Amino acid sequence: MLSFQQARQTILENAPPLGTELISLVDAVGRVLAEHVSAPWDMPLWDNSAMDGYAVRTVDCAQPPCRLKVTGYIPAGGLASGMALNPGCAIRIMTGAPLPSGADAVVPVEETEETSGEQVTIGAAVKERQHIRFRGEDVPAGERVMAAGTVIRSPEVSMLASFGRALVPVYRRPVVAVLSTGDELIEMGRTPGAGEIVNSNTLALAAAVREAGAIPRIIGIARDNRESHREKLAEGLQADVLVTSAGVSAGDRDLVRIVLEELGVKQVFWKVGIKPGKPTAFGLKDGRPVFSLPGNPVSSLITFEEFVRPALLRMMGHDRVIRPTFRAVLREDVKNRESDRTVFLRIRLEREGERYFASTSGKQQTGFLKTMVNAAAIAAIPPGRAFLAAGDEVDVHFFGSYIELV
Ligand code: AMP
Ligand code: MG
């Protein structure tokens, strides 16, 4: 049986970035840049004032206080052309306005006193170049400011916008087909009767796809017979990625792997040394990833988190596809009956001083969803540890996008 690390590595090797597309800048936040970006022009494009104040010549202010004649006014968006600063004079200037020729400093308005509107008094010494933003000082034309692979956040949007980039090349987002299987499932809309449960996995997995930044396509439910499986799986295989839930264990109605093989999916592995999630299968259809996740709602979400999410991120061009791990101290003993597998505990986290403390978020059986809702993070216990004592340190990572510390 593959170890957790081997399985994830195998998946990542089979999930290369998809192609790229040009999209409008406003839609690009969260996406990954597919090309390097260099400045098309100097930023700023001309010398300008960093303050509301007066453009002056330092030589005129060598011995404060000094009194200067106000000979002009340049607002933001104004032009400095034809407005030279003469000896003994000052020009009133607003933040961002172009500097008039002859000026070598700006004195903030707070450090001046205007008398009569025609004269200004400067009380303190003035340093050459003060409060001026020089042409190209932020970014000179031609400088590479973002490499391909950069995740676009609002600061990147800001810079791309300032370069006039209305369209940006980014990696494509995979369309991820989500399919549940099982005769016991009903769709939302009525109260389940005896033997029925609401199909929650489809929406949970679609939500997880969306959280990862990809595009879910809901295929619905395949019933526990070959015809239904064939029809629904074939539909799902049209997408960039297929994620199924349930029907992948060793039960006599577990048809997913059998029918996937009939449909030309090459199985790469089945069964991984993890708990929950052992029956997870991974295959490829013409190079496109196919994930068959177990049906228990906890198992399907955890295997999505640990296997599918990193793969989707890689397909979308991300370099960092695995969440950062940190150490937390266990608050309680944890018995580990499956010590030959990596065990994922759903945990709460608290921070005290410099340290994080982990406590389980409730009963860890895979059938119990509440632990998932109450968990801020997942602790991954490597194989070989049959017993963990309160005070032991464990590796922990957050999951989900909007989790805060308790
Ligand atoms: P299976 O892998 O088909 O044996 O399913 C394992 C468990 O997961 C069973 O208790 C199922 O009822 C449950 N399950 C399967 N599919 C879903 C689903 N789509 N939504 C919620 N629970 C499910
Ligand atoms: Mg089933």
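We count ligands from 1, going down the list as the structure has it; atoms in each ligand are counted the same way. Values in this document were obtained by computation on a predicted structure and should not be read as measured data. Position 1 is the first residue of the sequence, and the numbers go up from there.
Under a cut-off of 6.0 angstrom, the local environment of CD in E118 is sparse, with at most 12 non-hydrogen atoms contributed by other residues, nucleotides or ligands.
The main-chain N or O of E187 is never found under 3.5 Å from a side-chain atom of N199 such that the two would form a donor-acceptor pair.
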Hey, can you pull the donor-acceptor pairs under 3.5 Å for the side chains in residues 390-399, sequence neighbours left out?
from	atom 1	to	atom 2	distance (Å)
D392	OD2	R385	NH2	3.4
D392	OD2	A389	N	2.9
E393	OE1	R327	NE	3.2
D395	OD1	R327	NH1	2.9
H397	NE2	E306	OE2	2.7

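Partner F307 forms a ring pair (Phe, Tyr, Trp, His ring centres under 6.0 Å) with one of F4, F291, F282 and no other, that one being F4.
Using modelled atom types and a 3.5 Å distance limit, the side chains of R223 and S228 yield no donor-acceptor pair.
Less than 6.0 angstrom separates the ring centroid of F326 from the ring centroid of Y356.
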Under 3.5 Å, N/O to N/O: give me all the pairs between ligand 1 and the protein, one per line with atom names and distance.
from	atom 1	to	atom 2	distance (Å)
ligand 1	2 (O)	G247	N	3.4
ligand 1	3 (O)	G247	N	3.2
ligand 1	8 (O)	G295	O	3.1
ligand 1	8 (O)	N296	N	3.1
ligand 1	12 (O)	E184	OE2	2.8
ligand 1	14 (N)	G295	O	3.2
ligand 1	19 (N)	S180	OG	3.2
ligand 1	19 (N)	N199	OD1	2.8
ligand 1	20 (N)	S200	N	3.2
ligand 1	20 (N)	N201	N	3.2

